[in-house]
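Okay, structure first, notes after.
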Amino acid sequence: MKIATWNVNSLRARADRVEAWLERSDCDVLAIQETKCKDENFPWELFERMDYEVAHFGFSQWNGVAIASRVGLENVERTFPGQPEFGKGGVNPEQEARAIAATCNGVRVWSLYVPNGRALDDEHMPYKLEWLDTLKNGAEGWLAADPEAQIALMGDWNIAPQDDDVWDIDLFVQERLTHVSAPERAAFHAFEEATFKEVVRPFNPGPGVYTYWDYKQLRFPKKEGMRIDFVMASPALASRVTGAVIDREERKGKGASDHAPVIVELTD
DNA sequence: ATGGTTGTACGACAA
């Protein structure tokens with residue numbers, strides 16, 4: 001079985017590329033982030049045509065997550081328990097469309113779009129950290145309830161856990177940029193301390209291996225990217241992983257998302 | 001050339 005995650009940066013703008021990619025990648029499950037649409041605008045026919053079931057969670061032009069599967073799609077869950085709202089205590093607190101889960105052929109798949117902290121001193125940063133901590137606590141509970149659970153926490157984590165996960169760590173530190181700060185990295189490593197294993201890196205070691213390249217400043221041709229898309233697997237799922245691929249080719253050409261798809265192969 | 005983009009409520013804001 002092959003499961004994948006991909007921040008498509010608008011599913012409607014990317015519909016043709018997503019369809020072509022599904023066709024050639026031969027993936028059984030695709031966790032999608034940044035659909036940037038509501039259900040009424042969602043390209044349901046695309047997935048019908050390709051014989052995938054699909055579940056979507058999106059209620060505005062922002063965020064939006066989905067899971068497509070051709071090996072079953074059961075017990076769909078939108079948001080994780082206690083998922084923080086942004087602007088809590090403000091006028092319009094909003095629980096954003098950043099997490100959806102479904103069980104696909106025995107694997108509990110979460111499509112996650114971790115909040116962007118925007119700046120180290122921005123109010124989105126504590127939101128991001130609380131969001132991750134709450135998810136981690138929940139995931140710990142799922143494993144405590146069933147240590148053999150096969151859980152895939154996959155998506156755009158908006159964190160670069162190691163210095164060589166960005167093209168120039170000195171620049172990030174000097175400019176006080178997000179994604180590489182100690183609190184963000186600690187929030188990421190907390191999942192590993194909770195016995196989840198990031199299963200993409202071992203098959204795709206750096207330096208210079210990325211999953212995202214900014215549209216601006218010719219980042220892709222200059223090979224200046226970031227490794228911020230990950231698959232965190234529970235121990236039982238991690239033991240099934242036989243390979244992982246970052247599909248850098250998909251970042252090429254006109255009309256590409258700024259993120260590459262990330263595929264994980266599992267034994268039966 | 002010292003900036004270079006792309007997506008979304010069409011236009012300011014997010015990444």
Expressed as a whole number of angstroms, how long is the span from [X]:[atom1] to [N]:[atom2]?
X: Asn63(A); N: dA14(B); atom1: CG; atom2: C1'; value: 10 Å
X: Glu96(A); N: dA15(B); atom1: CD; atom2: P; value: 8 Å
X: Asn41(A); N: dG7(B); atom1: CG; atom2: C1'; value: 14 Å
X: Lys216(A); N: dG7(B); atom1: NZ; atom2: P; value: 14 Å
X: Asn116(A); N: dT6(B); atom1: CG; atom2: P; value: 19 Å
X: Lys36(A); N: dG7(B); atom1: NZ; atom2: P; value: 8 Å
X: Tyr212(A); N: dA15(B); atom1: OH; atom2: P; value: 10 Å
X: Asp214(A); N: dG7(B); atom1: CG; atom2: C1'; value: 13 Å

Do the side-chain N or O atoms of Arg12(A) get closer than 4.0 angstrom to the phosphate oxygens (OP1, OP2) of dG7(B)?
no
Residue-phosphate contact under 4.0 Å: Arg14(A) side-chain N/O, dG7(B) OP1/OP2:
yes
Hydrophobic cluster membership, with links at side-chain heavy-atom distances under 4.5 Å among I/L/V/M/F/W/Y: are Leu73(A) and Leu30(A) in one?
no
Has the side chain of Gln83(A) got a donor or acceptor atom that lies under 3.5 Å from a matching backbone atom of Phe80(A)?
yes
Determine whether a donor-acceptor pair (N or O, by modelled atom type, separation under 3.5 Å) exists between the side chain of Thr211(A) and the backbone of Ile228(A).
yes
Can you check whether Phe191(A) and Trp157(A) have ring centres sitting under 6.0 Å from each other?
yes
How do Asn158(A) and Ala256(A) order along DNA chain B: which one's closest nucleotide is nearer the 5' end?
Ala256(A)
If you find the nucleotide of DNA chain B closest to Leu218(A) and the one closest to Asp156(A), which residue's nucleotide is nearer the 5' end?
Leu218(A)
For atom [atom1], what is the distance between [N] and [M], given to the nearest Å?
N: dT6(B); M: dA1(B); atom1: P; answer: 23 Å
N: dT5(B); M: dG11(B); atom1: C1'; answer: 16 Å
N: dA14(B); M: dC10(B); atom1: C1'; answer: 15 Å

Please tell me which of the listed nucleotides, [options], lies nearest to the side chain of [X]?
X: Arg118(A); options: dG4(B), dG7(B), dA15(B); value: dA15(B)
X: Ala13(A); options: dG4(B), dA15(B), dT8(B); value: dT8(B)
X: Lys222(A); options: dG7(B), dG4(B), dA15(B); value: dG4(B)
X: Trp62(A); options: dG4(B), dC13(B), dA15(B); value: dC13(B)
X: Tyr215(A); options: dA15(B), dT5(B), dG7(B); value: dT5(B)

Checking ring-ring contact (aromatic ring centres under 6.0 Å, His included) for the pair Trp131(A)/Tyr113(A): CA distance, chi angles, key distance, verdict?
CA-CA 11 Å; Trp131(A) 197 97; Tyr113(A) 180 40; 8.7 Å; no
